[in-house]
Structure formats: structure tokens, C-alpha cells
Protein chains: 2
Amino acid sequence: MSNLKSHASDAPSSVRASSNKPSTQKRILDTAERLFAKEGFEQTSLRQITQEADVNLASVNYHFGSKKALIQAVVARYMDVFMPALDEELRALDDESALTTLQVFEAFKLPLFSLNGIHKRGTERFLRLLGFAYSETQGHLRRYTQSAFGNVLQHLLALLHRANPELSDEEMFWRLHFVLGATVFAQVSGQALIEIARAEFNHEVNIKTVIEHLIVFIAGGLERP
Amino acid sequence: MSNLKSHASDAPSSVRASSNKPSTQKRILDTAERLFAKEGFEQTSLRQITQEADVNLASVNYHFGSKKALIQAVVARYMDVFMPALDEELRALDDESALTTLQVFEAFKLPLFSLNGIHKRGTERFLRLLGFAYSETQGHLRRYTQSAFGNVLQHLLALLHRANPELSDEEMFWRLHFVLGATVFAQVSGQALIEIARAEFNHEVNIKTVIEHLIVFIAGGLERP
DNA sequence: GATTAAATTAAACGCATGTTTAAAATGTGT
DNA sequence: ACACATTTTAAACATGCGTTTAATTTAATC
């Protein structure tokens, strides 16, 4: 883990010097993101990634060190946008006089949709990545999130307590995890569900619709007396 | 798939003739169940199962045909108890005059707890197996459940519609899947959560407690106007 | 007790994975 | 143009997986 060659700590930031083709690093990152979001981390092999990215197999280990590190790099690219944005939204709620659960969860919407700046379907990808991070046991990812953005999550918990002062710590603990479960699951099974829904109800269904439905649901569950 | 030796279609039903040691088949089934519920299907290897069951590696393929078939056998042992029990409970609700969502979900409690007859912690194991069946993509399991117990699931959907006549088909579709997500997730992350909760709140937490919390939550989410 | 059938066993097969190696190619600074 | 560092490459490595094979042991049948 220590005698690696460079991991491109700086170097060719994003675009190759005299070529219109993105750098090897970016190609790997983009392709990995797409495949991870589609199939999950464990289901996606480095051979699949490097083949589709049209780079050499060994370049993943050269540039990122390991598959774990690649996974973390992919997730971090979204976390680094999402978490500060969420932080800002949550701060805006601090001054709210009559805070509701729905308000807290709706604070997620803008940060989530802002991820579409990273990629056309960034929101969807991020949520699916999160889902896989939880359903597969990617302990290192959980540790990274906790240590890098633990304060934001603490803030979230405090706001929910403020909106639901009658709920005990324990009640809140369980309900928050159920919320997380519904969210994660909706995204991991999301694509399949969206297709079923599309066929069943004969109209377009997109990720925004799903999130709208989801927020109402989890707010209902969380507020239950 | 067709030229297999026997798969023990009948034979030494459950206990060995002149030995106090369970049959190879049962040892495999029990050990597989324990490991599958602990780590998931894909994360558990046949070598791990056969080693802990103290049987030969090849005996899994001899008795069950394949790993997939073993997974299905493990799950079926629970499904065959759970689904008829649920069916009975749901039928009892048909005559209810003012049906509530909570009643429908509480109909799950007895069937779930009855699984403790199969194993001391049968409820927990079953829910975790279900969780893995969904979060890992075990398509064959979904197909089996759908074809074997599809009628019970249809019945469930009908009852929920009766309890919530104001919800559109689409609304119900999404909420039911969120319910499933919260449930599944609670179980897959369940053991870790229970341990955190135990440490955090300084009192015993068991699967029944989690289910009680869960049912209130999902009923709240589903009923939300 | 001989003859089948069923079950168990050790070993190998074929394949896929992440990672490492060492040489070749490319780029950079002087 | 040279020397050096960086990057790319093809190949191999080491490990683990589910499955299959063929021989042996155990059990059952006549």
C-alpha cells in the first residue's frame, strides 16, 4: 500500500495535453461510475471497466492503487458535491421557527438534483452508488463517510429531533434507519421499478417522481405518533 | 441439470439410520442457512459451508445439484411455513368491516414469529434471507416466490387497497416498494443495528422489538394522505 | 455373502478475479 | 539530443470459485 508509483496525486488534472481524448484516469473514473451504478461494486470487475474504458487493465492499480480505492474515488466525487450542499440547506433550517419533518427531508431535494451537474443522471447514479455501498458490505466507504461528513449527519439528526420532540432517541434511531432502508432500496431496485411502473401506468416515470413519492412516504413513517 | 445422480428425492428423510448424527443433507441445509443468513448468498462459498458442516465439498452438488438449488431449498423451508400462515391471517381480514393498514401489517406478526419453530431465531433468519434475496439479484428466487405464492401477494395488495381506497394504483405501487425496502434493509443491516442500539440505549433489543417499530413506521408511511 | 445401488471422497477442471511484474513507450526538463 | 521520470502495456501470478470426475466406501437387496 505504500510503495505505489504515483496515484497521480496532481499531474494531468483532467484533460490530456495535446489530445481531445480524456485522460486515462478520467476514463477509468467515468466508466467505473457508470458500471458501478448499474451493477454494483462487487458485480463489476476491473476487466469490465478497463475494457469499456479502452485502457489497460493494470492502469487501475497504477492510478488508484486498488479496486477499493477506485470505488472510494468514484463515490467521493459525488459526496464532495452533495454533502456541502446538504450542509448549507440544513443550516438554513436552523432559523426556522416551526420546523416540520417534511421540511427536513425536502432539504435533500436541491442537493440531490444538483448532482445532475456532475452527470446527466447524477442524482440517480449517486443514490444507486449509496445503495450498493450499504447493501454490499463496503465498510471502508461507511467509515469514510462517517469521518468526512459525520458533522452533517449529526446536524440532520438534531433537526429531526427538533421537528419531532415527542419521539424518543430510540424511536428516532429506528425510524431513521427505516428511512434509509426505503431510500436505498428504492434506488437499488429503482431502475427495474421505474420500468415496471412505466409499463403499468402508461406514462413517463423519472427519478424526480420517485423521490417525490419517497419523501412523502418517509415523512409519513417518521412522523407517525 | 438432467443427468444428476439422485438429489435424494426421497430416501433418508431426515435422520440417519444407525447414528445420532443428522444426515449429510440436513447438515448442509442447516449450515447453509446459518451462513447465508449471516453473510448473504454470494458471499458464502460452498467450501465454507461444507467445511463447517463437516461434509465433503462435492456432496452439495450431489444432493442438491447446484448452489442455486441449495439456496432455493434453504429459502423454501421457510417460505413453505410462512406463506400458508400469512394466507390464513389475510383471509381472516376479509370479513373485517373497517379494515386499517395497521391491521394488514400486523397480520404478518404471527406468521413471522411462527418461524421460530423452524429455528430458535427463525424470524430473523427468514427476514435476512429475504433481504439478501432482494438486494443480491437472485432472480430465480423471485420467480419461485412469485409462481409459488403469487396469489397470497395479490391478496395482500387487494387488502391494502381496501384499507386505503383513496390511494391510486401508482401511489400504492411505490409505497409498497418503499415498505419492502425499509423491511429488507432493516434486516440486512439488522444485526449491526441491533448491536448499536443495544450499546446506545443500554437495554436488550431483539427482533420482535425491531418488527414492532417497523410496523408502526411502514403503516405511517403507507397511510400518509 | 454376492451383487447392485447409493453415498462419500480426493483430486482436478475450467474459469474469473484483483494484483504484480518488468519491459516498452511516451512525455518532460535541460 | 540526451537523461530522466511518468505512463502504458502484455503477461503472468496467486487465489478463490462452482462444478465434474472417477475411484472408493458404505448401505441395501436378493
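Every value quoted in this text rests on a predicted model; they were computed, and no experiment measured them.
- Distance CZ (F64(A)) to P (dT20(C)): 16 Å, rounded to an integer number of Å.
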Fill in: From CA spacing to verdict: side chain to side chain contact (heavy atoms under 4.5 Å, CB included), N56(B), Y62(B)
CA-CA 10 Å; N56(B) 188 275; Y62(B) 177 76; over 6 Å; no

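- Per the geometry, CD belonging to Q51(B) stands 18 Å off P belonging to dT8(C), to the nearest Å.
- In this entry the distance linking CD1 of I49(B) with P of dT19(D) reads 11 Å, nearest Å.
- Checking side-chain atoms of R125(B) against main-chain N and O of E33(B) turns up no donor-acceptor pair under 3.5 Å.
- Nearest-nucleotide positions on DNA chain C for A58(A) and Q48(A) put Q48(A) closer to the 5' end.
- Regarding L57(A), its CG atom lies at a distance of 12 Å from the C1' atom of dA12(D), rounded to whole Å.
- Regarding L70(A), its CG atom lies at a distance of 12 Å from the C1' atom of dG18(C), rounded to whole Å.
- Taking atom CD of residue E42(A) and atom P of nucleotide dA16(C), one finds them 18 Å apart after rounding to whole Å.
- Between the side chain of R47(B) and the base of dG16(D) there is no donor-acceptor pair of N/O atoms closer than 3.5 Å.
- For the pair L35(B) CG and dG18(D) P, the interatomic distance rounds to 12 Å; values are reported in whole Å.
- In the set dT19(D), dT19(C), dT9(D), the nucleotide with an atom closest to the side chain of L46(A) is dT19(C).
- Under a cut-off of 6.0 angstrom, the local environment of CD in Q48(B) is crowded, with over 12 non-hydrogen atoms contributed by other residues, nucleotides or ligands.
- A sub-4.0 Å separation between OP1 or OP2 of dT17(C) and a side-chain N or O of S45(A) is present.
- Note on H63(B): a side-chain N or O is less than 4.0 Å away from OP1 or OP2 of dT8(C).
- Side-chain nitrogen and oxygen atoms of N56(B) include none within less than 4.0 Å of the OP1 or OP2 phosphate oxygen of dA7(C).
- Side-chain proximity of Y62(B) to the nucleotides dT8(C), dT19(D), dT17(C) is greatest for dT8(C).
- Aromatic pair F132(B)/F36(B): ring centres not closer than 6.0 Å.
- Remark: T24(B) is in phosphate contact with dT8(C), judged by side-chain N or O atoms under 4.0 Å from OP1 or OP2.
- Within 4.0 Å of T44(A), counting heavy atoms only, lie sugar-phosphate atoms of the nucleic acid but no base atom.
- Rounded to an integer number of Å, the gap from N61(A) CG to dT17(C) C1' is 12 Å.
- Taking R34(B) as the reference, E52(B) meet the salt bridge (charged side-chain N to carboxylate O under 4.0 Å, His left out) condition, with sequence neighbours excluded.
- The phosphate of dT8(D) has neither OP1 nor OP2 within less than 4.0 Å of any side-chain N or O from S59(A).
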